[in-house]
Amino acid sequence: MAQRLATEYVKTCLQLTEAEMFRFFQMFVDHQVTLQVKVLENGNQEVVFQDGAGQEIVLSFEKKSGLYECTGSCRLSNTLLANLMRKAVSEFKGSATVNRIYPSYTMVYYYERGTVVKIEEVKGQLLTVIYEYKDTIGLMQQMFQKREVEQEIEMIYDQINHLLDLRNMLQQQEEHQQIDTRLNELTHRLFILEA
């Protein structure tokens, strides 16, 4: 198995309540990562996480509407810190683009609301999609809820019934031809919609 050179968190976004912020910090402390928190005058915080080998992450948390929002990027060569960041993005429903960099290729993971939605392998100029989340149930529900075609079919049936009634009432051949032409158009459209 190829040795990972680095993990790069790009476009990372976490939104944490104060309680979640404490759990976020505790997650790192539980794994012997030291942290220094600088509280800035506007309530924002800058946090430096450092492992025993000297690798560190600097994350800035901006206070917005009662939440601490962390947006930014970092590059990690330490597996422990990379795994803790992955766990944090997942547990706290974050979004991120994560590049796992190997000697001859890069694996790109896309997280949305804490879940991996796409994985790509990049080798030079070649990009291969390894995994892509498809909300099959959601798509089926949307299709089921779309009743536009059924409504158009019902409308065409109503028009056909009305035209047939009208045809039976009228006696002139010219009027019959006009109605027959329109009936032909409607039945053709009905055939297309029901197919």
Roughly how far, to the nearest 0.5 Å, is the [atom2] atom of [Y] from the [atom1] atom of [X]?
| X | Y | atom1 | atom2 | result |
| --- | --- | --- | --- | --- |
| C70 | Q45 | SG | CD | 11.0 Å |
| T106 | L127 | OG1 | CG | 10.5 Å |
| H31 | F49 | NE2 | CZ | 13.0 Å |
| N99 | R4 | CG | CZ | 11.5 Å |
| T181 | L186 | OG1 | CG | 11.0 Å |
| R167 | I160 | CZ | CD1 | 13.5 Å |

Work out which heavy atom in [X] is nearest to a heavy atom in [Y]; give both atom names and the distance.
| X | Y | value |
| --- | --- | --- |
| S73 | K11 | CB-N, 4.5 Å |
| L5 | S77 | O-CB, 3.8 Å |
| E20 | T17 | OE1-N, 2.9 Å |
| Y110 | E120 | OH-OE1, 3.0 Å |
| Y111 | R100 | OH-NH2, 3.9 Å |
| K93 | R113 | CD-O, 3.4 Å |

message = Tell me whether T34 contacts the main-chain N or O of Q50 through its side chain, where contact means a donor paired with an acceptor under 3.5 Å.
response =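 Answer holds: yes.
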key: Any donor-acceptor pair under 3.5 Å from Y9 side chain to R86 backbone   =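 Flag set: sc Y9 to bb R86 pair under 3.5 Å.
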query = So do I101 and R75 actually touch side chain to side chain, heavy atoms under 4.5 Å?
reply =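 Yes; the side chains approach each other to less than 4.5 Å.
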query = Mind checking whether L16 and F22 have side chains closer than 4.5 Å, heavy atoms only?
reply =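 No, every pair of side-chain atoms sits at 4.5 Å or beyond.
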Check the surroundings of atom [atom1] in [X]: do more than 12 heavy atoms from other residues, nucleotides or ligands lie under 6.0 Å from it?
| X | atom1 | result |
| --- | --- | --- |
| L126 | CG | yes |
| E18 | CD | no |
| Q172 | CD | no |
| H162 | NE2 | no |
| E185 | CD | yes |
| E194 | CD | yes |

task = Under the ring-ring contact (aromatic ring centres under 6.0 Å, His included) rule, collect the residues that match up with F61, sequence neighbours excluded.
result =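 Only F24 meet the ring-ring contact (aromatic ring centres under 6.0 Å, His included) criterion with F61.
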Partners passing ring-ring contact (aromatic ring centres under 6.0 Å, His included) against Y133 (at least two apart in sequence or in another chain) =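 Checked Y133 against ring-ring contact (aromatic ring centres under 6.0 Å, His included); zero matches.
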Mind checking whether [X] and [Y] sit in one hydrophobic cluster, side chains of I, L, V, M, F, W, Y counted as touching below 4.5 Å?
| X | Y | result |
| --- | --- | --- |
| M155 | I153 | no |
| V37 | I57 | yes |
| L166 | Y157 | yes |
| M169 | I179 | yes |
| F25 | L40 | no |

request  = Applying side-chain contact (heavy atoms from CB on, under 4.5 Å) between M85 and each of L80, V98, L76, report the one that passes.
outcome  =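 The passing option is L76.
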inquiry  = For a side-chain contact (heavy atoms from CB on, under 4.5 Å) check, start with the C-alpha distance between Y68 and L14, then their side-chain angles and the critical distance, and finish with the verdict.
reply    = CA-CA 8 Å; Y68 290 94; L14 291 169; over 6 Å; no
task = Under the side-chain contact (heavy atoms from CB on, under 4.5 Å) rule, what do M107 and I130 come out as? Steps first, then yes or no, please.
result = CA-CA 9 Å; M107 298 297 289; I130 304 297; 4.0 Å; yes
task = Determine which pairs satisfy salt bridge (charged side-chain N to carboxylate O under 4.0 Å, His left out) with at least one residue from residues 52-65, sequence neighbours left out, and list them in order.
result =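 Pairs touching residues 52-65 that pass the test: K64-E69.
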